[in-house]
Amino acid sequence: MFNIAVVGATGAVGEELLLLIEEYNLPVKKLVPLASARSAGDIVEFKGEELRVQELTCDIFEKEKIDIAFFSAGGSVSAKFAPCATKAGAVVIDNTSYFRMDPDVPLVVPEVNPDDIKFWKKKGIIANPNCSTIQMVLSLYPLHQEFEIERVDVATYQAVSGAGKKGMEELFEQMRAVFNFNLDKKVEEREVFPWQIALNVIPHIDRFMENGFTREEMKMVNETNKIMHTQIEVAPTCVRVPVLRSHSEAITIYCKKEVSVERAREVLENFPDVKVIDDPAHNKYPMPVIATNTDYVYVGRIRKDLFRPNVLHFFNVADQLRVGAATNAVRIAQKWIEMEKKGE
Ligand code: A2P
């Protein structure tokens, strides 16, 4: 049994982590919810019990004898406090981008590269990839094994949950203002998104880099290849849309081998945690309303390119807070626990 800390327990991903640690039946001796001083003393629920949130401090991990620490409170918090947790002997499962490209930190999607977890000891940290990357890699990996992908063009349709609770609230407030005819005022008051998000789409997530791509887009380029151990060309356009908590992606893959729609369906269906919904005749395809609150990546609209035999197009959708963050982190913890038990 393990003492588990959740850093950012009052946040959008943190709340989902508490639910999933219970759902996945992780062997918990004690659960310690941590957040900023602002919410110290607040109550969160875990397994039907009320737990008091404690302030995150450097010595809390030692004091509470933490074995596993999930971090989901932003990059600067991980930078400062993850070393406190590892020093106290805990394994850190970090949801932020801070350590992801560190060569001494494994970046893991357990269905794709579970064996990389064994390198956790180098720094005591295992990184959870970016949400758009996790769901893309879950559909790319089985297709790569079948057709050898050389290039990926992807446009994302990303939910506001990716910007945390504040992002979800900003969409809510602006939608409410739409119906009260005072949207202009709400847009003036916005804090999270660079433009109005209600009834709009914004082709800008995270900050712009010198090469014209955004940091969010570069995460998809670099993390995809680190996870799959490949050198695939990835060209993303990341777009924020007024959807609450599931990301969608329109993906085109250019392969070494000729593609087949039937074979693509088969390999995707047989891959863990992926479900194919692809019956256009009955208007069946993946959508955020189907994926939300589930632990699967849904793939559909699978079709061969009209001009090139080695090119395949498809659409995928997954719950950002679960598959893109909390579920992946809990699945990493499950694998880590299995390895620890086997003494690997
Ligand atoms: P708090 O509620 O005390 O601000 P979200 O991603 O939904 O915005 O949630 C962010 C989470 O990270 C919240 O639980 C938030 O706690 C926590 N957090 C933010 N800043 C800090 C900090 N400096 N120290 C500890 N926790 C923090």
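Just so you know, ligand 1 is whichever comes first in the structure, and atom 1 is the first atom listed for that ligand.
With Asn130 contributing its side chain and Lys219 its backbone, the two residues share no donor-acceptor pair below 3.5 Å. With Gln174 contributing its side chain and Ile197 its backbone, the two residues share a donor-acceptor pair below 3.5 Å.
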Side-chain donor-acceptor contacts of residues 324-334 below 3.5 Å, not counting sequence neighbours, with atom names and distances?
from: Thr327; atom 1: OG1; to: Asp295; atom 2: OD1; distance (Å): 2.8
from: Thr327; atom 1: OG1; to: Arg322; atom 2: O; distance (Å): 3.3
from: Asn328; atom 1: ND2; to: Val108; atom 2: O; distance (Å): 3.0
from: Asn328; atom 1: ND2; to: Asn128; atom 2: OD1; distance (Å): 2.6
from: Arg331; atom 1: NH1; to: Glu111; atom 2: OE2; distance (Å): 3.0
from: Arg331; atom 1: NH2; to: Tyr24; atom 2: OH; distance (Å): 3.4
from: Arg331; atom 1: NH2; to: Asp273; atom 2: OD1; distance (Å): 3.3
from: Arg331; atom 1: NH2; to: Asp295; atom 2: O; distance (Å): 3.1

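For Phe193, the CZ atom counts as densely surrounded, since its 6.0 Å shell holds more than 12 non-hydrogen atoms of other residues, nucleotides or ligands.
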Check ligand 1 against the protein and report each N/O to N/O distance under 3.5 Å, formatted as atom name, atom name, distance.
from: ligand 1; atom 1: 2 (O); to: Thr10; atom 2: OG1; distance (Å): 2.6
from: ligand 1; atom 1: 2 (O); to: Ser39; atom 2: OG; distance (Å): 3.2
from: ligand 1; atom 1: 3 (O); to: Ser36; atom 2: N; distance (Å): 3.2
from: ligand 1; atom 1: 3 (O); to: Ser36; atom 2: OG; distance (Å): 2.6
from: ligand 1; atom 1: 3 (O); to: Ser39; atom 2: OG; distance (Å): 2.3
from: ligand 1; atom 1: 4 (O); to: Arg38; atom 2: NE; distance (Å): 3.2
from: ligand 1; atom 1: 4 (O); to: Arg38; atom 2: NH2; distance (Å): 2.8
from: ligand 1; atom 1: 7 (O); to: Ala12; atom 2: N; distance (Å): 2.8
from: ligand 1; atom 1: 7 (O); to: Lys165; atom 2: N; distance (Å): 2.9
from: ligand 1; atom 1: 14 (O); to: Gly8; atom 2: O; distance (Å): 3.2
from: ligand 1; atom 1: 14 (O); to: Thr10; atom 2: N; distance (Å): 3.2
from: ligand 1; atom 1: 14 (O); to: Thr10; atom 2: OG1; distance (Å): 2.6
from: ligand 1; atom 1: 14 (O); to: Gly11; atom 2: N; distance (Å): 3.0
from: ligand 1; atom 1: 16 (O); to: Thr10; atom 2: OG1; distance (Å): 3.2
from: ligand 1; atom 1: 26 (N); to: Ser36; atom 2: N; distance (Å): 3.2

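Partners of Thr214 by side chain to side chain contact (heavy atoms under 4.5 Å, CB included), not counting sequence neighbours, listed by chain and number: His204, Phe208, Glu216, Glu217. Partners of Glu266 according to the side chain to side chain contact (heavy atoms under 4.5 Å, CB included) rule, which considers only residues two or more places apart in sequence or in another chain, are Arg263.
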